[in-house]
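This report refers to the structure that appears directly beneath it.
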2 protein chains.
Amino acid sequence: MVMANPKRTKQGNFYLYVDTVVLTVSREKSLEPKARLQVLVMHRPTAPKGKWALPGGLVADSEDLPDTALRIVKRETGITVPKADLFQVGTYGKPNRDSRWRAISVAYVVLISEPETPAPISNSDDARFMSYRRLRDESLLEFDHRTIIRDARRAARRQLEDTPIALKFCDSEFTLTDLRWVYEAFVLDRVDPANFRRKVEQVKDFVRPLDSLITFGSEPGRPARLYTAGKTSELNPPVRFRRKLRPR
Amino acid sequence: MVMANPKRTKQGNFYLYVDTVVLTVSREKSLEPKARLQVLVMHRPTAPKGKWALPGGLVADSEDLPDTALRIVKRETGITVPKADLFQVGTYGKPNRDSRWRAISVAYVVLISEPETPAPISNSDDARFMSYRRLRDESLLEFDHRTIIRDARRAARRQLEDTPIALKFCDSEFTLTDLRWVYEAFVLDRVDPANFRRKVEQVKDFVRPLDSLITFGSEPGRPARLYTAGKTSELNPPVRFRRKLRPR
DNA sequence: GCAAAAGTGTTTCAGATACACCCATGC
DNA sequence: GCATGGGTGTATCTGAAACACTTTTGC
């Protein structure tokens with residue numbers, strides 16, 4: 001039911017974008033917790049060499065914001081992200097955040113496990129996963145995208161505590177060590193395996209042990225039990241970590 | 001540095017609004033914690049009787065989003081809100097959230113203490129503070145504004161834990177009971193005065209006792225010490241409340 | 001004196017950490 | 001056997017809740 005609107009000409013001197021922060025956690029065994037988090041970035045053809053940006057583009061008419069996010073991520077990086085897993089970080093609207101014209105961006109974040117190799121289709125001539133740490137500390141991102149990734153990590157960490165999104169980083173069958181690996185990436189520190197196990201298992205319907213299935217992997221040590229995702233959409237109690245105490 | 005842009009015509013089939021949730025806490029002594037929170041709403045001249053909306057309006061060219069928020073709140077309700085105290089709740093962009101045309105809204109929330117009496121200037125023919133509880137439970141709000149106020153309360157509650165915004169509800173000199181009154185409004189329950197005192201006082205530079213100044217009020221009981229706001233912008237440790245235990 | 005709120009002190013408890021110790025596998 | 005990670009049991013610590021008790025006012 002769209003009516004003609006006399007005020008139509010009042011607005012129009014800006015663009016509304018959706019920018020998306022695609023996060024993944026590297027499985028490189030040797031990586032410290034702090035170095036595991038990866039962000040998907042792309043290179044705009046007209047940008048200077050070595051300057052990267054989050055995949056982002058204009059909202060189309062009658063397109064829901066999350067639909068914009070996944071359309072643009074696909075176009076600019078080749079990566080497919082599930083719509084249901086997107087959640088909002090915030091909206092960035094300072095008049096001069098883009099020097100070319102007024103751009104207002106709604107930022108989303110999404111967590112994925114095994115990513116395909118990035119392969120841009122258009123509007124982009126390169127795309128790759130880069131270390132969150134590097135992007136945060138060095139000046140490799142255009143616009144205010146460094147602020148956006150910092151806010152995105154914070155938002156994601158909160159979601160890890162209260163929702164089962166950590167499972168998005170895991171395969172459909174996983175060990176508790178796999179899951180701990182993910183939490184450590186966000187906590188930026190090691191977590192005691194014994195305490196982690198108890199903490200996770202007391203959350204109602206967060207994870208389900210698979211009937212006596214065991215991984216036979218190439219790792220040393222006793223094989224771990226496999227789990228699948230439970231059905232809860234809210235972690236109760238939440239999975240929080242206190243600061244360490246001094247060793248006793 | 002605004003350039004002509006060939007893609008200009010691609011966008012334009014929607015409006016970008018800012019909607020603002022102005023919260024206050026009633027000082028009516030008799031009110032239970034749950035009934036204290038008030039939301040500023042207004043009546044659009046073309047809306048049905050008894051249907052209210054959050055103050056909201058179009059973003060102007062080159063106008064920062066928080067500036068839009070306070071301009072519109074002033075215009076539609078007569079209330080002045082401080083720009084620095086606004087913080088973002090989220091962006092609502094579902095294609096059919098407004099039946100008239102496509103509207104995308106960035107929502108802000110702001111906490112104020114003693115409000116002036118609402119007095120709309122234009123775009124509105126009535127404005128008032130209404131009970132959060134009623135607005136949440138009954139269907140008095142247009143569009144998805146009921147969702148927005150719920151999200152706003154949640155966002156505000158988080159801010160109460162981690163930042164000193166609770167002080168925005170208080171005067172420049174206040175007692176710890178005044179401050180507790182505010183927290184109770186968000187926790188939706190009574191809080192033990194003794195424990196509250198300790199919790200607040202151990203936060204670094206959150207509140208400062210005023211040199212032996214004492215309220216001589218009309219209240220019964222021992223007069224309370226006055227405090228002023230400290231300088232911290234982050235509550236460390238945060239002011240959290242656990243669920244109650246069973247009485248011993 | 002009595003009621004009521006401010007403010008202090010103390011016990012108790014839930015939840016989390018630290019860590020010792022046993023288990024199951026690869027080499 | 002031995003190294004290594006999986007998994008269990010448990011002492012200890014910490015922050016917070018509960019609540020008894022003292023102080024200071026109004027009436």
Side-chain angles (χ1 to χ4, degrees), chain A residues 27 29-31 33 161-162 170 173-181 183-184 187 189-204 206-227 235-248, chain B residues 27 29-30 33 161-162 173-181 183-184 187 189-204 206-207 209-210 212-227 235-248:
Chain A
R27 291 175 174 182
K29 286 290 280 178
S30 59
L31 288 176
E161 294 180 344
D162 297 327
C170 301
E173 301 191 348
F174 55 89
T175 67
L176 291 191
T177 298
D178 295 336
L179 187 58
R180 182 162 49 87
W181 184 263
Y183 276 90
E184 287 177 342
V187 173
D189 204 353
R190 306 224 99 98
V191 169
D192 183 293
N195 296 334
F196 181 77
R197 162 177 303 276
R198 266 185 299 262
K199 195 175 300 209
V200 163
E201 280 186 335
Q202 83 185 34
V203 179
K204 278 180 298 182
F206 178 22
V207 296
R208 292 178 178 164
L210 240 30
D211 280 338
S212 63
L213 263 178
I214 306 285
T215 313
F216 286 90
S218 52
E219 303 297 320
R222 174 175 167 179
R225 159 152 293 163
L226 286 173
Y227 288 77
L235 264 32
N236 178 14
V239 176
R240 301 229 161 84
F241 299 92
R242 278 219 304 239
R243 72 164 204 297
K244 308 246 180 211
L245 336 158
R246 70 174 195 296
R248 57 169 205 248
Chain B
R27 290 175 175 182
K29 286 291 280 179
S30 59
E161 295 181 341
D162 296 328
E173 302 191 348
F174 56 89
T175 66
L176 291 192
T177 298
D178 294 337
L179 187 58
R180 182 162 49 85
W181 184 263
Y183 276 90
E184 287 178 343
V187 173
D189 203 352
R190 307 223 99 98
V191 169
D192 183 292
N195 295 334
F196 182 77
R197 163 176 301 277
R198 265 185 299 263
K199 196 176 299 208
V200 163
E201 280 185 335
Q202 83 185 35
V203 179
K204 279 180 297 181
F206 178 23
V207 298
L210 242 30
S212 62
L213 265 176
I214 303 287
T215 314
F216 286 91
S218 53
E219 304 297 320
R222 172 176 169 179
R225 160 152 292 164
L226 286 174
Y227 288 77
L235 265 31
N236 178 12
V239 176
R240 300 229 162 83
F241 299 92
R242 280 217 304 237
R243 74 168 201 295
K244 311 245 179 209
L245 340 156
R246 68 175 196 295
R248 59 170 206 248

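First the proteins, then the strands, lettered A, B, ... as listed; each starts at 1.
What separates CZ of Arg240(A) from C1' of dG15(D) is a distance of 15 Å, to the nearest Å. Rounded to an integer number of Å, the gap from Phe241(B) CZ to dA18(D) P is 12 Å. Lys29(A) has its NZ atom 12 Å from the P atom of dT4(D), to the nearest Å. Nucleotide dG15(C) holds its P atom 17 Å from the CG atom of Leu245(A), rounded to whole Å. Distance, Arg180(B) CZ to dG7(C) C1': 11 Å, rounded to whole Å. A straight line from CG of Asn195(B) to P of dA18(D) spans 8 Å, rounded to a whole angstrom. Separating the CG atom of Leu226(B) from the P atom of dT25(D) is a distance of 14 Å, rounded to the nearest angstrom. What separates CD of Glu161(A) from P of dA16(C) is a distance of 12 Å, to the nearest Å.
A perpendicular orientation is assigned to the rings of Tyr183(A) and Phe206(A), their planes being inclined by more than 60° (bins at 30° and 60°).
Within residues 196-204 of chain B, the residues approaching DNA chain D are Arg198(B), Lys199(B), Gln202(B), by heavy-atom distance under 4.0 Å.
More than 12 heavy atoms of other residues, nucleotides or ligands sit less than 6.0 Å from atom NZ of Lys244(A).
The shortest side-chain heavy-atom distance between Arg198(A) and Asp192(A) does not fall under the 4.5 Å cut-off. Within the 4.5 Å cutoff, side-chain heavy atoms of Glu201(A) are placed close to those of Tyr227(A).
A donor-acceptor pair under 3.5 Å is formed between the side chain of Lys199(A) and the backbone N or O of Arg240(A).
Checking dA5(C), dA18(D), dA18(C) against the side-chain heavy atoms of Asp192(A) singles out dA18(C) as nearest. Considering only side-chain atoms of Ala194(A), the nucleotide from dA17(D), dG7(C), dT8(D) that sits closest is dT8(D). Comparing atom distances between the Arg225(B) side chain and each of dT25(C), dG7(C), dG9(C) picks out dG7(C) as nearest.
Residue order along DNA chain D, read from the 5' end via each residue's closest nucleotide, puts Lys244(B) first among Lys244(B) and Arg222(B). Along DNA chain C, the nucleotide nearest to Gly221(A) and the one nearest to Arg243(A) differ in position, and the one closer to the 5' end is contacted by Arg243(A).
Taking only distance into account, the side chain of Arg242(A) never meets the base of dT17(C) through a donor-acceptor pair shorter than 3.5 Å.
Checking the phosphate oxygens (OP1, OP2) of dG5(D), no side-chain nitrogen or oxygen of Thr177(A) falls inside 4.0 Å.
Every residue two or more places apart in sequence or in another chain that forms a side-chain contact (heavy atoms from CB on, under 4.5 Å) with Arg190(A) is listed here: Glu32(A), Pro33(A), Arg36(A), Glu184(A).
Considering every non-hydrogen atom in both Trp181(B) and Arg27(B), the closest pair reads NE1-CA, 4.0 Å.
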